[in-house]
Number of protein chains: 2
Amino acid sequence: MLELAVLGFLYDAQLHGYDLRRRIAALTGHVRPIADGTLYPLLKRMEAAGLLHRELQPGQVAAPRHMLSLTAEGKQDLLNRLREPDELFVTDENRWFTLLAFLRHLDDPAQQAAVLRRRLRFLTQPASFFWDEGRPLRAADFDDPFRQGLFTIATATTRTELEWLRQTLVALEPQA
Amino acid sequence: MLELAVLGFLYDAQLHGYDLRRRIAALTGHVRPIADGTLYPLLKRMEAAGLLHRELQPGQVAAPRHMLSLTAEGKQDLLNRLREPDELFVTDENRWFTLLAFLRHLDDPAQQAAVLRRRLRFLTQPASFFWDEGRPLRAADFDDPFRQGLFTIATATTRTELEWLRQTLVALEPQA
DNA sequence: ACAGGATATATCGAGTTCGAGGTATCTTCC
DNA sequence: GGAAGATACCTCGAACTCGATATATCCTGT
C-alpha cells in the first residue's frame with residue numbers, strides 16, 4: 001500500500017521524502033503517520049529497484065532535500081498496479097481508498113471501469129462481521145448499541161459506495 | 001489489533017484457534033484472512049504472558065483442538081484496553097471497528113461514553129485526504145470521479161457515524 | 001543570545017507478519 | 001476404495017514496520 005501511495009503521488013509531481021510523508025499520512029487517514037524508519041528505507045529500496053530517481057537539492061529550507069521523481073519504469077509499475085490490483089486492494093478498505101486516489105492516472109476508461117467492477121462484485125457478495133454456525137448475524141441479533149452502530153455505519157457506507165460505483169460505471173462505459 | 005480481537009472473542013466463549021481465525025477474518029472485513037503463521041505464534045505469546053489458558057480436547061471433529069479461554073488476567077487486560085485504548089484505536093478505522101465490536105464488555109456506561117467521546121473529538125477535527133500548501137482540498141477541487149467518490153463515501157460514513165455517536169451518547173449519559 | 005520547534009534525512013535493533021511448507025484426521029463424493 | 005477438501009495445528013526464514021536515536025539547518029519568540 002505504501003509503495004502504491006509513493007508511486008501515485010510522484011506520478012504528478014517531484015517531491016522530497018518529508019513532503020511525501022505528510023501527504024501519505026493525510027491520505028491514509030490522518031491516522032497513520034508512517035514512521036521515518038519505514039519511509040526512508042522504502043525509498044531506498046524503490047530507488048535500487050529502478051522505480052525512483054533521486055536528485056539532491058542543497059539547502060532549500062533546512063537540511064538538503066532529496067527530490068524524488070518516477071523513472072519510466074516507475075510510471076509503468078504504477079499503471080500495472082492500478083490496472084491489475086491484488087485482491088487485497090479490492091477488499092481492504094484502506095488499500096482500496098489508496099487505489100481510488102490514483103485511479104485517474106490509468107488513462108483508459110474501460111480499464112478504470114474494470115477495476116470498479118471488481119469492487120462492485122466484492123461489495124455485492126453476502127457479508128457479515130459475525131457468524132454463528134455458518135449463519136450471518138444481523139444488526140437485530142445484537143442488543144448492545146456498539147455492534148448495532150457497527151452495522152449501521154457499515155451499511156450506510158456500503159450503500160453510498162454502491163450508488164457511486166453504479167453512477168460512475170454508467171459514465172465510464174458509454175454504450176454498454 | 002489482533003490481540004484485542006482474540007481477547008474480545010474469548011471473553012464470551014471458549015474457542016479453538018481455527019474457529020478464532022475464521023471469526024477474526026469475518027470481523028476485520030472478510031478481507032484480511034490472517035495467516036496461520038501469524039495467529040498460532042500470537043496465541044503462544046499470549047499464553048506465555050498469562051492471558052490465555054489452553055486445554056487439549058482430543059479428536060472432536062478432526063485433529064485435536066486446543067480450547068482457549070481467558071485467564072482472570074486476560075479478562076482484566078481486555079477491559080484495560082477497552083477503557084484506555086491507544087490513540088491508533090481511535091483514529092484508525094479498522095482498529096476502531098474492532099474496538100466497537102467488544103466495547104459492550106466494558107460494563108460501565110460512563111466509561112463506554114468516554115471512549116465514544118474520544119472518537120467524536122477525533123471525527124469533528126478538520127481533516128482532508130489531500131492538502132496543498134497547508135490548505136485542505138475539497139471534493140470540488142478535483143475533476144476526476146475517483147477522488148470525488150473518495151470524498152463522497154468518506155463524508156457519508158462520517159455523517160452516519162457522528163449521528164450514531166451522538167444518539168448513543170445521549171443514551172449512555174442519562175442526565176449530563 | 002538562546003531555546004524550542006519545524007524541516008529534513010538516516011540507521012539500528014526489536015518485534016511482527018506473511019507465505020511456504022509440513023503433519024494429521026474426518027467427511028463427502030464418485 | 002481413493003481423491004479432494006475441510007478441519008486443525010505447527011515452524012521457519014524473509015521481509016517489513018516501528019520506535020529510538022542521531023545529525024543538521026532554519027525560523028520564531030523571548
Side-chain angles (χ1 to χ4, degrees), chain A residues 1-6 9 14-26 28-29 31-49 52-68 86-89 91-92 94-95 98 131 133-134, chain B residues 1-6 9 14-26 28-29 31-49 51-52 54-68 86-89 91-92 94-95 98 131 133-134:
Chain A
M1 185 170 64
L2 270 186
E3 288 187 33
L4 183 69
V6 169
F9 277 122
Q14 284 191 26
L15 298 170
H16 52 97
Y18 196 78
D19 196 356
L20 209 42
R21 189 165 163 269
R22 271 183 310 193
R23 285 175 197 250
I24 292 172
T28 60
V31 156
R32 190 180 287 254
I34 71 160
D36 282 352
T38 301
L39 182 60
Y40 289 110
L42 172 70
L43 294 177
K44 293 212 159 177
R45 285 198 301 275
M46 292 176 72
E47 190 189 2
L52 301 187
H53 173 71
R54 180 187 299 246
E55 202 169 332
L56 245 140
Q57 213 177 69
Q60 280 288 72
V61 180
R65 291 172 167 178
H66 297 209
M67 292 307 286
L68 302 165
D86 289 347
E87 191 59 15
L88 255 186
F89 277 86
T91 61
D92 182 84
N94 288 337
R95 281 166 216 259
T98 304
W131 299 76
E133 319 268 332
Chain B
M1 186 169 63
L2 270 187
E3 288 187 34
L4 183 69
V6 170
F9 277 122
Q14 284 191 27
L15 298 170
H16 51 98
Y18 196 79
D19 195 356
L20 209 41
R21 188 165 164 269
R22 271 183 309 191
R23 287 177 195 247
I24 292 172
T28 60
V31 156
R32 191 180 285 255
I34 71 161
D36 281 354
T38 302
L39 182 60
Y40 289 111
L42 172 71
L43 295 177
K44 294 211 160 179
R45 286 198 300 274
M46 293 176 72
E47 191 188 2
L51 304 175
L52 301 188
R54 181 186 299 246
E55 201 169 333
L56 246 141
Q57 214 178 68
Q60 281 287 72
V61 181
R65 291 171 166 178
H66 297 208
M67 293 305 285
L68 302 164
D86 288 347
E87 191 59 15
L88 253 188
F89 277 86
T91 60
D92 182 83
N94 288 338
R95 282 167 217 259
T98 305
W131 298 77
E133 318 267 334

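To find a chain, count down the sequence lines: A is the first, B the second, and so on, and within it residues start at 1. Quick note: numbers below take in every heavy atom, side chains included, and nothing from hydrogens, waters or symmetry partners.
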Without decimals, in angstroms, what is the distance between [X] [atom1] and [N] [atom2]?
X     : N      : atom1 : atom2 : result
B:L56 : C:dT25 : CG    : P     : 15 Å
A:L20 : C:dA10 : CG    : C1'   : 16 Å
A:L39 : D:dC16 : CG    : C1'   : 14 Å
B:M1  : D:dT17 : CE    : C1'   : 14 Å
B:H16 : D:dT7  : NE2   : C1'   : 8 Å
A:M67 : C:dT9  : CE    : C1'   : 14 Å

Taking only the side-chain nitrogens and oxygens of [X], find out if one of them lies under 4.0 Å from OP1 or OP2 of [N].
X     : N      : value
B:K44 : D:dC9  : no
A:R22 : C:dA6  : no
A:R65 : D:dT25 : no
B:H66 : D:dC9  : no
A:Y40 : C:dA10 : no

* Asked: If you check every side-chain atom of B:Y18, which of D:dC9, C:dT11, C:dA8 has the closest atom?
  ->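 Nearest to the side chain of B:Y18 among the choices is D:dC9.
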* **Protein proximity profile, nucleotides 13-20 of chain C - base contact B, sugar-phosphate-only contact S, no contact -, cut-off 4.0 Å on heavy atoms** => ---SSBB-
* Structure fact -> By side-chain hydrogen bond (donor to acceptor under 3.5 Å, both in side chains), B:E3 pairs with (sequence neighbours left out) B:R81
* Would you please name every residue forming a side-chain hydrogen bond (donor to acceptor under 3.5 Å, both in side chains) with B:E47, sequence neighbours left out? =>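 Only B:R54 meet the side-chain hydrogen bond (donor to acceptor under 3.5 Å, both in side chains) criterion with B:E47.
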* Flag the pair B:L68 / B:H16 as yes when at least one side-chain heavy-atom distance between them is below 4.5 Å, and no otherwise. => no
* Compare all side-chain heavy atoms of A:L2 with those of A:T98 and state whether any distance is below 4.5 angstrom. => no
What pairs with [X] under side chain to side chain contact (heavy atoms under 4.5 Å, CB included), at least two apart in sequence or on another chain?
X     : result
B:E87 : B:T91, B:R118
B:F9  : A:F130, B:L15, B:L20, B:R23, B:I24, B:L27, B:F102
A:F89 : A:M1, A:L4, A:P85, A:D86, A:R95, A:L99

* **Salt bridge A:D36-A:R21, side-chain N to carboxylate O under 4.0 Å** => yes
* Asked: Using a cut-off of 4.0 Å on non-hydrogen atoms, how would the nucleic acid contact of A:R21 be classed: base, sugar-phosphate, or nothing?
  -> nothing
* To do: Check every strand shown and say whether B:R54 touches a base, only sugar-phosphate, or nothing at a heavy-atom separation below 4.0 Å.
  => sugar-phosphate
* Report the end-to-end axis angle of the helix from C:dA1-D:dT30 to C:dC30-D:dG1; each axis comes from five terminal pairs, and the value is rounded to 10°. =>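 Nearest ten degrees gives 30° for this helix.
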* Asked: What residues form a salt bridge (charged side-chain N to carboxylate O under 4.0 Å, His left out) with B:R45, not counting sequence neighbours?
  -> none
